[in-house]
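Shown next, in structure tokens, is the structure this report addresses.
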Amino acid sequence: MTQPRVRFAPSPTGYLHIGGARTALFNYLYARRFGGKFILRIEDTDYERSTEASVQAILDGMAWLGIDFDEGPYFQSRRIDRHKEMAAKLLTTGHVYKCFCTKEEIAGRKAEWEKEKKVWRYDRKCRGLRPDQHPDKPYVIRFKTPLTGMTAWDDGIRGRVSFANEEIEDFVLVRSDGTPVYNFVVVVDDVDMDVNLVIRGEDHISNTPKQILIYEALGAAVPGFAHLPLILNNARQKYSKRDGAVSVMGFRDEGFLPHALFNYLARLGWSHGDQEIFSREELIQYFDVKDVNKAGGVFNMEKLLWLNNHYIRQLSPEECAREVVPFLAALGIDAVDDPRLPALVKSQQERVKTLKELASSLQFYFGDEVAFDPKAAAKFLTPEYLPLYEELLRRVEAVGDFTESSLEPPVKTLAEERGEGLGKVAQPLRAALTGTTVSPGIFETMVLLGRERSLKRLGAAIRKIRGQ
RNA sequence: GGCCCCAUCGUCUAGUGGUCUAGGACAUCGGCCUCUCACGCCGGUAACGCGGGUUCGAACCCCGCUGGGGUCACCA
């Protein structure tokens, strides 16, 4: 088998969204699996919409996910001369022709056709023009599509796909301002870059026959094609910006780990038996385009969250602490140099689904004051708990060195003396210390909070009740 | 509307003619564990869109229908 050369060719008109990221991922995985080359080419020939910032966003997104490429980034806009050269070549070989119809004229004729409910395709008015009949006007270059026959290919994912040539109009290759159009440049570039397998979204299927025709006109080898199923929203339509967090970097900002997204995206439309969790190496080892599903897949945030939780738990407390620092900073907590951080993180790691959630779950460990959750306050910051809190303060104060084993006996004993389960004491205590009814184990929480802060908070709870 | 693609639990999927009374995962619902939450463990609900063929036998093959999606630019 010849070395596969695949490419990801995004247009820099926005951020790298999950659909694009998955296309990039599948190309990357394929190249790595089969020892091929993965090329990045920026299709920036839509000068109206392409931006420098978008190019950077694509690069950043891929870097964050760890999808590295072997060649590029190439910029399509810098190859215009080459595209024009090839267009000129096709003019001499007679595969294309100059068309002098203006947009207005075409719009007029199109309207006529549609009035008669006929399907409009360019009517080939200029197809038969001899050079001596060429007016001195701007023109576009159109492809001389075969009038009969079929154009087909064996799609790597879908099997044989075919189009009747009569369904394909004489499409434009070069605009009247001399700039080449997508369907043409993409072929020239793929030919020049020796791309021999095109893995891209299903939304490109209808472009494929046109491109194959161009390959043939150019006398170039037609590459293989594999059209990926689309990522769908809950309404089962193509996932778009309207559907929420679509930008890859948006996921980072929401506290997702790159590997969680990487794993999730790989499993959306592809599978390997019943396996759900894959390391990057496993993915490279197993991935093949022939195992990709044909049907579109709905993006499922719940499952991504589950995976993210899985990978967060996988991190060592130290690693996880490093990851959460920026999210704590966003909450106004500077924990970079806090030696307690790994231990604090460890206490919450398995309880959260994102780093953002982890940061907020860590909040109560910081500062002297606790922010009381209204419900917790209403339930536990009441006079009936005053005696309990006072007794708790006395007994906990008596413990010199805070460890789980030094704290557990006095609190448990108190509960026993009151003829209650530990929960009856632990919950009010938890509320006083954390401001909420949910936290890691109560003794662990006290140890992490430290003696001083714990006592201070208990005292504060007592004062609050008295003040009411 | 034309053309093209697609069709297994709510969702992601396994399944490639018999081992399917259809498996796994997320979600969901019970239960256990338990100081709360989470984790973990045990268990439950839940799917082959419909109709014809082919075959001794179809989730798997063929046709039709229905449904969904994509695409129809001098955008990429």
Side-chain angles (χ1 to χ4, degrees), chain A residues 9-13 43-50 76 99 101-103 106 114 117-121 138-142 155 157-158 161-164 166-169 171-183 185-186 201-209 227 229-230 232 234-238 264 267-277 293-307 309-310 313 347-353 361 376 408 411-412 415 420-431 434 436-445:
Chain A
S11 54
T13 54
E43 313 236 308
D44 56 347
T45 43
D46 180 345
Y47 303 102
E48 304 279 299
R49 301 193 300 147
S50 297
Q76 199 155 63
C99 167
C101 299
T102 64
K103 281 184 192 172
I106 287 177
E114 285 173 351
K117 292 205 166 166
K118 289 201 287 190
V119 182
W120 166 261
R121 285 185 206 94
Y139 58 85
V140 298
I141 293 178
R142 287 185 184 273
D155 197 276
I157 293 172
R158 285 148 220 285
V161 179
S162 60
F163 286 76
E166 60 182 332
E167 298 290 343
I168 306 167
E169 74 169 355
F171 53 96
V172 173
L173 300 189
V174 181
R175 301 183 186 91
S176 52
D177 66 0
T179 59
V181 166
Y182 169 75
N183 272 130
V185 297
V186 73
E202 185 184 15
D203 46 348
H204 280 283
I205 286 183
S206 55
N207 282 323
T208 307
H227 288 94
L230 264 21
L232 275 22
N234 289 326
R236 298 205 137 269
Q237 293 160 328
K238 188 168 154 184
Y264 179 74
R267 261 302 267 101
L268 184 54
W270 172 87
S271 60
H272 181 72
D274 285 337
Q275 192 170 342
E276 297 286 348
I277 305 292
N293 252 307
K294 288 196 264 269
V298 176
F299 181 83
N300 185 200
M301 184 62 89
E302 298 302 316
K303 190 152 182 180
L304 209 210
L305 285 166
W306 169 75
L307 268 172
N309 166 269
H310 172 85
R313 281 191 284 149
S347 75
Q348 294 284 27
Q349 243 175 304
E350 67 177 23
R351 297 164 213 269
V352 300
K353 292 185 161 73
S361 79
E408 203 170 320
V411 177
K412 277 199 167 158
E420 292 172 329
L422 179 57
K424 294 285 185 194
V425 176
Q427 276 306 83
L429 179 53
R430 171 170 282 117
T434 71
T436 73
T437 54
V438 172
S439 84
I442 192 64
F443 305 114
E444 181 184 9
T445 299

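In the text below, chain A, chain B and the rest are named by the order of the sequence lines, each starting its count at 1.
Under a 3.5 Å cut-off, the side chain of A:Arg430 and the backbone N or O of A:Pro440 do form a donor-acceptor pair. In this structure a side-chain-to-backbone donor-acceptor pair under 3.5 Å is missing from A:Ser11 to A:Thr13. Remark: side-chain polar atoms of A:Asn293 are not paired, donor with acceptor, to backbone N or O of A:Ala295 under 3.5 angstrom.
The separation between A:Asn300 atom CG and B:U11 atom P is 10 Å, rounded to whole Å. Rounding to whole angstrom units, CZ of residue A:Arg158 and P of B:C6 are separated by 6 Å. Rounded to whole Å, atom C1' of B:C35 lies 9 Å from atom NZ of A:Lys412. Atom pair A:Leu232:CG and B:C6:P shows a separation of 14 Å (rounding to whole Å applied). We find that CD1 of A:Ile168 is positioned 10 Å from C1' of B:C3, with the value rounded to whole Å. For A:Arg313 and B:A38, the CZ to C1' distance is 9 Å, given to the nearest whole Å. In this structure, A:Asp274 atom CG and B:C26 atom P are separated by 12 Å, rounded to whole Å. Rounded to a whole Å, the CH2 atom of A:Trp120 is 10 Å from the P atom of B:C74.
Distance from the side chain of A:Lys238 is smallest to B:U71 among B:A7, B:U71, B:A76. When the nucleotides B:U11, B:U36, B:C6 are ranked by their closest atom to the side chain of A:Val438, B:U36 comes out on top. Checking B:G69, B:C35, B:C4 against every side-chain atom of A:Ile205, the shortest atom distance belongs to B:C4. Candidate nucleotides B:U71, B:C4, B:U11 were compared by shortest atom distance to the side chain of A:Val161, and B:C4 ranks first. Of the candidates B:A7, B:C26, B:A76, the closest approach to any side-chain atom of A:Trp306 belongs to B:C26. In this structure, the nucleotide among B:C26, B:C12, B:U36 sitting nearest to the side chain of A:Leu268 is B:C12. When each of B:A25, B:U11, B:C3 is scored by its nearest atom to the side-chain atoms of A:Val298, the top-ranked nucleotide is B:U11. Closest contact between the side chain of A:Ser11 and the listed nucleotides B:C74, B:U71, B:A76 involves B:A76. Comparing B:A27, B:C5, B:U11 by their nearest atom to the side chain of A:Glu302 picks out B:A27. Looking at the side chain of A:Gln76, the nearest of the listed nucleotides B:C12, B:A76, B:C6 is B:A76.
Nucleotides B:A14 and B:C61 are separated by 14 Å at their P atoms, to the nearest Å. Remark: the separation of the C1' atoms in B:A76 and B:C50 is 39 Å, to the nearest Å. Straight-line distance between the C1' atoms of B:G15 and B:C74: roughly 48 Å, to the nearest whole Å.
Of all nucleotides present, only B:C26 satisfies the Watson-Crick or G-U wobble test against B:G10, with each distance under 3.5 Å. With a cut-off of 3.5 Å on both Watson-Crick or G-U wobble distances, the partner of B:C72 is given as B:G1. As the counterpart of B:C60, no nucleotide is assigned, since no Watson-Crick or G-U wobble pattern has both distances under 3.5 Å. Across all strands shown, B:C41 forms a Watson-Crick or G-U wobble pair with B:G31, both key distances being under 3.5 Å.
Here A:Gly297 lies in heavy-atom contact (under 4.0 Å) with sugar-phosphate atoms only. Using a 4.0 Å heavy-atom criterion, one finds that A:Val140 contacts the bases of the nucleic acid, with or without backbone contacts as well. Among the heavy atoms of the strands lying under 4.0 Å from A:Pro440 is at least one base atom, whether or not backbone atoms are also near. Among the atoms of the strands shown, none is found under 4.0 Å from any heavy atom of A:Gly421.
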- Message: Does A:Ile205 form a side chain to side chain contact (heavy atoms under 4.5 Å, CB included) with A:Arg158? I'd like the steps, not just the answer.
- Response: CA-CA 11 Å; A:Ile205 286 183; A:Arg158 285 148 220 285; 3.8 Å; yes

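Proximity of A:Asn293 to the phosphate of B:A14: a side-chain N or O atom is located under 4.0 Å from OP1 or OP2. Between A:Gln427 and B:C35 there is no side-chain N or O to OP1 or OP2 distance below 4.0 Å. Look at A:Ser439 and you won't find any side-chain N or O under 4.0 angstrom from OP1 or OP2 of B:C37. Remark: A:Arg49 is not in phosphate contact with B:A73, judged by side-chain N or O atoms under 4.0 Å from OP1 or OP2. Phosphate contact (OP1/OP2 of B:C37, side-chain N/O of A:Arg430, threshold under 4.0 Å): absent.
If A:Ser162 and A:Glu444 are placed on RNA chain B by their nearest nucleotide, the residue sitting closer to the 5' end is A:Ser162. Comparing A:Arg121 and A:Glu276 by the nucleotide of RNA chain B whose heavy atom lies nearest to each, the residue mapping closer to the 5' end is A:Arg121.
At a cut-off of 3.5 angstrom, the base of B:A76 holds no donor-acceptor pair with the side chain of A:Asp44. Judged by atom type and distance alone, A:Ser206 does not reach the base of B:C72 through any side-chain donor-acceptor pair under 3.5 Å. Within 3.5 Å, no donor on the side chain of A:Gln237 pairs with an acceptor on the base of B:G70, nor the reverse. The base of B:C39 lies outside donor-acceptor range of the side chain of A:Arg351, with no N or O pair under 3.5 Å.
Shown here is A:Asn234, whose CG atom has no more than 12 heavy atoms of other residues, nucleotides or ligands within 6.0 Å.
For the pair A:Val161 and A:Thr208, the minimum side-chain heavy-atom distance is 4.5 Å or more. The shortest distance between side-chain heavy atoms of A:Asn207 and A:Tyr182 falls below 4.5 Å.
In summary, A:Glu166 and A:Arg121 do not engage in a salt bridge, as defined by a charged side-chain N under 4.0 Å from a carboxylate O.
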